[in-house]
Amino acid sequence: LGSDSGWRVGFVGIGVGCLLIAGTAAIWLPESKVWQAARSAPARSAEGAARVPVDAALVRGGLFLTLCTTGVFAASYSYITFAPTFLREVAGASLTTSTLVLTVGTLLGIASYLVAGALSDRVGRRRATLGACVVGVLGFGAFALLASGSPVLAIVALMGPAIGYAGFGVLGTWISEYYPTRFRAF
């Protein structure tokens with residue numbers, strides 16, 4: 001296939017794998033009982049509809065959660081897109097070393113999701129999200145300060161941003177708990 005098309009094969013393989021997983025999940029996993037109950041609730045007229053009141057606190061919270069989610073995605077995308085180039089071009093790491101560093105970073109990121117999710121069950125969604133954000137800011141800050149020094153220190157500091165988007169472990173649950181089912185079901 002050559003170097004010009006070889007990377008495309010990887011993306012096609014990932015896409016096909018995702019479709020297989022999604023199709024299998026759609027067949028094997030049952031629908032949420034909460035969603036089914038909300039979906040099968042009898043429709044009512046506009047005057048008699050059992051609507052969830054939209055108040056200022058719900059809108060403020062929704063905007064905050066949207067900003068949090070955007071921030072976590074921005075942090076993760078900046079790490080995912082910038083780290084490979086930094087490792088190869090600035091730190092002078094080999095392709096093998098870069099792959100190893102990014103794999104370790106990804107595994108640390110996954111572990112941080114699990115830790116943040118479990119922590120949110122103990123201390124609450126707000127505190128866990130705040131903690132994840134603080135870790136992320138410290139991680140990006142440490143990387144910014146250490147990136148111009150020793151390549152080894154920069155590579156170690158690069159793990160901070162990988163851990164820093166632990167908010168993914170909290171935000172999905174928090175959003176689903178925050179919005180009433182009637183908002184999410186239709």
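All heavy atoms count here, side chains included; hydrogens, waters and symmetry mates do not.
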Asker: So which of Ile175, Leu171, Val170 actually passes side-chain contact (heavy atoms from CB on, under 4.5 Å) with Arg125?
Answerer: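 Looking at Ile175, Leu171, Val170, the match for Arg125 under the side-chain contact (heavy atoms from CB on, under 4.5 Å) is Val170.
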Asker: Give, for atom CZ of Phe82 and atom CG of Leu87, the distance between the pair rounded to the nearest 0.5 Å.
Answerer: 9.0 Å
Asker: Answer whether the closest heavy-atom distance between the side chains of Cys18 and Ile14 falls below 4.5 Å.
Answerer: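 Sidechains of Ile14 and Cys18: in contact.
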Asker: Same cluster or not: are Leu158 and Leu108 linked, directly or through other Ile, Leu, Val, Met, Phe, Trp or Tyr residues, by side-chain heavy atoms under 4.5 angstrom apart?
Answerer: yes
Asker: Mind listing the closest non-hydrogen atom pair of Gly167 and Ala132 along with its distance?
Answerer: N-CB, 3.6 Å
Asker: Would you say the side chain of Thr96 lies within less than 4.5 Å of the side chain of Leu100, judging by non-hydrogen atoms?
Answerer: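 Leu100 vs Thr96: side chains apart.
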Asker: How long is the gap from CE on Met159 to CG on Leu102, to the nearest 0.5 Å?
Answerer: 7.0 Å
Asker: Which heavy atom of Ala162 sits nearest to which heavy atom of Ser112, and what is that distance?
Answerer: O-OG, 4.3 Å
Asker: Hey, could you give me the CG/CG distance between Leu119 and Leu114, rounded to the nearest 0.5 Å?
Answerer: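 These two atoms lie 12.5 Å from each other.
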Asker: In Å and rounded to the nearest 0.5 Å, what is the OG to CG distance from Ser120 to Leu130?
Answerer: 13.0 Å
Asker: Side-chain heavy atoms under 4.5 angstrom apart, residues restricted to Ile, Leu, Val, Met, Phe, Trp, Tyr: same cluster for Tyr113 and Leu65?
Answerer: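 Cluster IDs for Tyr113 and Leu65 match.
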Asker: What about Val12 and Leu20, same hydrophobic cluster or not, with Ile/Leu/Val/Met/Phe/Trp/Tyr joined at side-chain heavy-atom distances under 4.5 Å?
Answerer: yes
Asker: Quick check against the 3.5 Å criterion: does Arg88 have a side-chain atom that pairs as donor or acceptor with the backbone of Ala93?
Answerer: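 Judged by distance alone, yes, a pair lies under 3.5 Å.
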Asker: Of the non-hydrogen atoms in Ala154 and Phe86, which two are nearest, and what is the gap between them?
Answerer: CB-CZ, 3.6 Å
Asker: Please name the pair of heavy atoms, one in Val123 and one in Ala128, separated by the smallest distance, quoted to 0.1 Å.
Answerer: CG2-N, 4.0 Å
Asker: Nearest 0.5 Å please: distance from the OG1 atom of Thr106 over to the CD1 atom of Ile80.
Answerer: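 With rounding to 0.5 Å, OG1 (Thr106) is 7.5 Å from CD1 (Ile80).
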Asker: If you compare all heavy atoms of Gly62 against all heavy atoms of Tyr178, which two are closest, and at what distance to 0.1 Å?
Answerer: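 Taking Gly62 first and Tyr178 second, the nearest heavy atoms are N-CE2, 3.8 Å.
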Asker: Do Phe73 and Tyr165 have their ring centres less than 6.0 Å from each other?
Answerer: no
Asker: Taking atom CD1 of Ile163 and atom CG of Leu107, what is their separation to the nearest 0.5 Å?
Answerer: 11.5 Å
Asker: Are Val135 and Val104 in one and the same hydrophobic cluster, where Ile, Leu, Val, Met, Phe, Trp and Tyr link if side-chain heavy atoms are under 4.5 Å apart?
Answerer: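 Cluster IDs for Val135 and Val104 match.
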Asker: Should Phe143 and Tyr79 count as side-chain neighbours, where that means a heavy-atom distance under 4.5 Å?
Answerer: no
Asker: Assigning hydrophobic clusters by single linkage (Ile, Leu, Val, Met, Phe, Trp, Tyr; side-chain heavy-atom cutoff under 4.5 Å), is Val156 placed with Val101?
Answerer: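 Val156 and Val101: separate clusters.
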